[in-house]
Student: 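Questions regarding the structure given below will be posed in turn.
As the structure is a computational prediction, the values presented were derived from the model and not from experiment.
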Number of protein chains: 2
Amino acid sequence: MTEISKTEFDVLEALWQGHPATAQQIIERLNNDKPWHEKTVKTLLSRMVKKEAISFEKVQRSYVYSPAFARDDYTFKESKSLLARMFSGRLTPLVSHFVKSDELTKDDIDELKQLIDQWEKDNG
Amino acid sequence: MTEISKTEFDVLEALWQGHPATAQQIIERLNNDKPWHEKTVKTLLSRMVKKEAISFEKVQRSYVYSPAFARDDYTFKESKSLLARMFSGRLTPLVSHFVKSDELTKDDIDELKQLIDQWEKDNG
DNA sequence: AATCAATGATTACAACTGTAGTCTACGGAT
DNA sequence: ATCCGTAGACTACAGTTGTAATCATTGATT
């Protein structure tokens with residue numbers, strides 16, 4: 001899985017929404033959020049093809065693109081990378097930050113409990 | 001709090017270990033891990049001064065540097081930024097990744113439980 | 001006083017990023 | 001057959017990053 005920039009990630013997000021997809025489709029999806037210049041998006045698509053973050057197939061005049069890896073795999077990899085760099089690879093210091101800073105709701109806590117239950121069922 | 005690069009973060013880490021500190025001290029700390037070229041470190045220090053991630057004071061021939069913000073504040077900000085970009089700002093999807101991928105130990109789970117208990121004491 | 005060594009300042013330089021504009025080729029419209 | 005719009009390819013260009021080398025200053029040494 002290649003290194004991609006934050007902007008490239010945004011474009012990939014649009015592609016993960018559904019693929020294969022044409023540049024036009026991707027641009028439309030992106031523009032739901034904020035205006036993107038067509039040329040900018042196409043440049044980013046080309047760059048991601050080159051770095052093999054996405055693939056394409058020629059369909060008549062144009063290309064249809066597909067992601068080269070799953071969103072989950074990428075976000076997990078990035079999460080682990082951040083934990084490695086900032087928290088000695090541990091998850092709990094990060095969670096601790098959130099717990100202590102009043103960033104969590106009752107629902108979040110309930111979800112966390114469920115996750116723990118699940119872990120204990122699987123392991124425990 | 002400014003944007004800093006991954007390499008700049010490494011240098012800041014060394015500074016957070018103890019400050020104010022001279023370039024020499026910082027270089028020595030960094031070299032405990034892996035070799036850093038003196039010039040490289042000094043360039044990074046200058047750049048961080050310019051972007052106001054660190055400050056310095058002249059002490060005779062040389063400078064002593066200090067971080068412009070606390071490590072915790074920075075790592076928390078970066079964590080929130082990652083969650084915002086990849087998980088709609090939510091913590092639990094990230095935790096879920098880790099729970100499901102067998103990345104956690106019994107100790108981690110116990111710590112998580114404690115954090116939850118703490119939250120419930122503070123809020124609940 | 002002349003020279004050296006260490007420090008920060010300045011310069012270098014390629015790769016990557018963000019953001020587009022220009023070029024070229026081809027399928028469709030006239 | 002000709003012209004045009006659209007798609008991707010190529011070019012542009014400044015800012016950031018990683019990684020250093022060179023320049024200039026100054027306190028220390030001979």
Student: Can you check whether any acceptor in the base of D:dT11 is under 3.5 Å from a donor in the side chain of A:K39, or vice versa?
Tutor: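 In this structure, the two groups form no donor-acceptor pair.
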Student: Return yes if the base of D:dA7 and the side-chain atoms of A:R61 contain a donor-acceptor N/O pair under 3.5 Å, otherwise no.
Tutor: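 Side chain to base: no pair below 3.5 Å.
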Student: Roughly, in whole Å, what's the span from NZ in A:K42 to C1' in D:dG5?
Tutor: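 In whole Å, D:dG5 C1' lies 11 Å from A:K42 NZ.
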Student: Output the single nucleotide from D:dG8, C:dC26, C:dG18 whose closest atom is nearest the side chain of A:K6.
Tutor: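 Looking only at side-chain atoms, A:K6 lies closest to C:dG18.
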Student: Could you tell me how far apart A:E8 (CD) and C:dA15 (C1') are, to the nearest whole angstrom?
Tutor: 13 Å
Student: Whole angstroms only, please: what is the CD1-C1' distance between A:I54 and D:dG8?
Tutor: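 Answer to the nearest Å: 13 Å.
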Student: Classify A:K50 by what it touches in the nucleic acid, base, sugar-phosphate, or nothing, heavy-atom distance under 4.0 Å.
Tutor: nothing
Student: Atom CH2 in A:W36, atom CG in A:N31: separation rounded to 0.5 Å?
Tutor: 9.0 Å
Student: On the nucleotide C:dG21, are OP1 or OP2 found under 4.0 Å from the side-chain N or O atoms that A:H37 carries?
Tutor: yes
Student: What is the separation between atom CG on A:L30 and atom P on C:dT19, rounded to the nearest whole Å?
Tutor: 12 Å
Student: Quiz question: going by heavy-atom distance under 3.5 Å, is there a donor-acceptor pair between the base of C:dT19 and the side chain of A:R47?
Tutor: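 Such a pair exists between side chain and base.
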Student: Looking only at side-chain N and O atoms, does A:D10 offer a donor or acceptor that is under 3.5 Å from a partner on A:T7?
Tutor: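 The criterion, which ignores hydrogens and geometry beyond distance, is not satisfied for A:D10 and A:T7.
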Student: Rounding to an integer number of Å, can you tell me how far B:W36 CH2 sits from D:dA20 P?
Tutor: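 It is 10 Å, rounded to the nearest whole Å.
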Student: Would you say B:T7 places a side-chain N or O within less than 4.0 Å of OP1 or OP2 belonging to D:dT17?
Tutor: no
Student: Just to confirm, is there a sub-4.0 Å distance from OP1 or OP2 of D:dA9 to any side-chain nitrogen or oxygen of A:Y63?
Tutor: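 The answer is yes; a side-chain N or O of A:Y63 sits under 4.0 Å from OP1 or OP2.
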Student: Give the rounded distance in Å between these two atoms: CD of B:E3 and C1' of D:dT17.
Tutor: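 In whole Å, D:dT17 C1' lies 13 Å from B:E3 CD.
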Student: Could you give the CD-to-P distance, from A:Q25 to D:dA7, as a whole number of Å?
Tutor: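 So the CD-P distance, A:Q25 to D:dA7, works out to 12 Å.
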Student: Look at A:S5 and C:dG18 and indicate whether a side-chain polar atom (N or O) is within less than 4.0 Å of OP1 or OP2.
Tutor: yes
Student: From the options C:dG8, D:dA9, D:dG18, select the nucleotide whose nearest atom is closest to the side chain of B:L44.
Tutor: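 The answer is D:dG18, which lies nearest to the side chain.
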Student: If you measure from CD1 on B:I4 to CZ on B:F9, what distance do you get to the nearest 0.5 Å?
Tutor: 6.5 Å
Student: With rounding to the nearest 0.5 angstrom, report the CH2 to NZ distance, A:W119 to A:K121.
Tutor: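 That separation rounds to 13.5 Å.
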Student: With a 3.5 Å cut-off and just heavy-atom distances, do the side chain of A:T40 and the base of C:dA20 make a donor-acceptor pair?
Tutor: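 Check fails, no donor-acceptor contact within cut-off.
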Student: Quiz question: by atom type and distance under 3.5 Å, do the side chains of A:H97 and B:T75 form a donor-acceptor pair?
Tutor: yes
Student: I need the NZ-P distance between B:K58 and C:dA6, as an integer number of Å.
Tutor: 18 Å
Student: Is any side-chain N or O of B:Q24 closer than 4.0 Å to OP1 or OP2 of C:dA6?
Tutor: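 So the side-chain polar atoms of B:Q24 never come under 4.0 Å of the phosphate oxygens OP1 or OP2 of C:dA6.
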